[in-house]
Amino acid sequence: MKIILVCRNWFVFKNFSRKHSSKEWLSRQNSDPYVEKAKVENYRCRSAFKLLQIDDKFSILKPGQCVIDVGAAPGSWSQVAASRINVNFNDSKLPSGLLIGIDLQQMYPIKGVTLLGNSDFTSPKTWLKIKSHLNGRLIDVVLSDMAPNSTGVKHLDHDLIIKLAYSVIKFSVLNSNVGAACLIKILNGNQNMEIEKTLIKFYTNVKFVKPKASRSDSSEMYLLARGFKGLK
């Protein structure tokens with residue numbers, strides 16, 4: 001009877017926690033100015049403003065570039081990148097870029113963008129798919145807003161996202177132009193300095209970035225690496 005009671009209490013506790021966190025999420029969404037702004041400016045998600053703010057400050061996206069968007073769903077970063085690299089010849093005087101978005105989920109089409117849904121970026125098969133679309137072209141910018149499903153355990157979530165980040169670094173190093181940039185989402189934790197050191201081996205400038213659109217109570221941040229040195 002004691003075991004049943006404990007299980008029942010645990011079930012009630014979990015149910016309460018889910019309902020409580022759902023209410024918190026709804027409340028936060030309703031009071032978030034970026035949520036409304038995304039609707040007004042026709043972005044699929046508020047996260048578009050994170051990339052907009054980072055790029056406004058550091059100018060990593062330019063017309064004519066070849067860009068990979070990892071963890072692209074629902075597509076807001078691809079919307080931003082497509083505009084800034086001139087994917088659809090919005091400005092006929094500037095070169096047009098190439099943009100490939102990858103995610104485990106399916107995504108609604110974005111004009112001029114190659115979207116690879118149902119694709120696990122950490123799989124060698126996905127890397128081969130990306131390279132076939134690149135058709136020999138090297139990459140100028142790798143964007144990654146990729147994150148694992150949250151477990152609610154901070155150190156575990158940190159370890160999981162760092163593992164994904166290393167897969168992005170490896171892909172970037174093997175497929176980028178000299179001078180290329182890489183922007184990767186991570187969560188604050190004890191492996192931050194180690195992954196920063198890894199990036200410094202391959203890029204001339206590496207810094208931690210937290211745009212205003214990234215919620216202040218979130219441990220989310222980004223590593224921006226610029227000036228890929230190339231492989232000797």
Side-chain angles (χ1 to χ4, degrees), residues 34 37-38 40-103 107-117 119 121 126-127 129-146 168-169 171-185 199 202-207 209-214 222-231:
Y34 290 109
K37 198 173 180 183
V40 171
E41 298 189 24
N42 202 29
Y43 288 119
R44 296 181 180 183
C45 185
R46 70 180 299 285
S47 62
F49 297 100
K50 298 175 191 177
L51 181 56
L52 285 165
Q53 289 167 1
I54 292 170
D55 191 48
D56 284 346
K57 186 171 183 178
F58 297 104
S59 301
I60 56 176
L61 297 169
K62 298 177 178 67
Q65 287 179 327
C66 176
V67 176
I68 305 295
D69 181 10
V70 183
S76 57
W77 275 33
S78 286
Q79 286 178 296
V80 172
S83 173
R84 300 217 164 180
I85 67 172
N86 200 33
V87 159
N88 295 305
F89 288 100
N90 293 327
D91 189 335
S92 58
K93 296 177 183 178
L94 297 173
S96 177
L98 171 67
L99 176 56
I100 302 170
I102 306 100
D103 202 280
M107 294 164 278
Y108 287 108
I110 298 172
K111 185 182 177 185
V113 180
T114 299
L115 294 175
L116 305 177
S119 298
F121 180 76
T126 300
W127 286 24
K129 274 199 289 185
I130 296 169
K131 292 182 81 169
S132 70
H133 285 284
L134 288 171
N135 197 26
R137 187 170 176 178
L138 292 175
I139 301 161
D140 299 301
V141 181
V142 175
L143 305 170
S144 176
D145 201 31
M146 179 169 56
V168 175
I169 294 170
F171 178 84
S172 302
V173 165
L174 292 174
N175 297 284
S176 289
N177 266 317
V178 172
C182 184
L183 178 66
I184 311 171
K185 177 155 80 175
L199 282 166
F202 301 103
Y203 294 84
T204 57
N205 186 288
V206 178
K207 62 172 58 189
V209 178
K210 190 173 178 74
K212 288 182 180 179
S214 188
Y222 294 86
L223 265 169
L224 173 59
R226 291 172 291 168
F228 177 56
K229 299 172 187 177
L231 291 178

Using a strict cut-off of less than 4.0 Å between a Lys/Arg side-chain nitrogen and an Asp/Glu carboxylate oxygen, indicate whether Arg84 and Asp56 qualify as a salt bridge. yes
Measure across Ala81 and Leu61 and return the closest heavy-atom pair with its distance rounded to 0.1 Å. CA-CD1, 4.0 Å
Point-to-point distance, once rounded to the nearest 0.5 Å, from CG of Asp140 to SG of Cys182: 12.5 Å
Report yes or no: do Asn86 and Asp91 form a side-chain donor-acceptor pair below 3.5 Å? no
With Tyr43, which residues qualify under side chain to side chain donor-acceptor pair (under 3.5 Å), at least two apart? none
Check Ala181 against Ile60 and note the closest heavy-atom contact, atom names and distance. CB-CG2, 4.4 Å
Quick one: are Leu115 and Ile110 in side-chain contact, heavy atoms under 4.5 Å? yes
Evaluate side-chain contact (heavy atoms from CB on, under 4.5 Å) for Asp69 paired with Ile102, printing each intermediate quantity in order. CA-CA 6 Å; Asp69 181 10; Ile102 306 100; over 6 Å; no
Looking just at side-chain N and O atoms, do Thr126 and Ser119 make a donor-acceptor pair shorter than 3.5 Å? no
Do the rings of Phe171 and Phe121 sit parallel, tilted or perpendicular, given the 30° and 60° boundaries? perpendicular
Would you mind reporting whether Leu143 and Val70 have side-chain heavy atoms less than 4.5 Å apart? no
What are the two closest non-hydrogen atoms of Ser78 and Ala72, and how far apart are they? OG-CB, 4.0 Å
Are Leu183 and Leu223 packed together at the side-chain level, in the sense that at least one heavy-atom pair is separated by less than 4.5 angstrom? no
Take Val142 and Val168, measure what side-chain contact (heavy atoms from CB on, under 4.5 Å) needs, and give me the verdict at the end. CA-CA 8 Å; Val142 175; Val168 175; 3.7 Å; yes
How close do Gln53 and Pro211 get, heavy atom to heavy atom, and via which atoms? OE1-CB, 3.4 Å
For a 4.5 angstrom cut-off between non-hydrogen side-chain atoms, does Tyr203 reach Ser172? yes
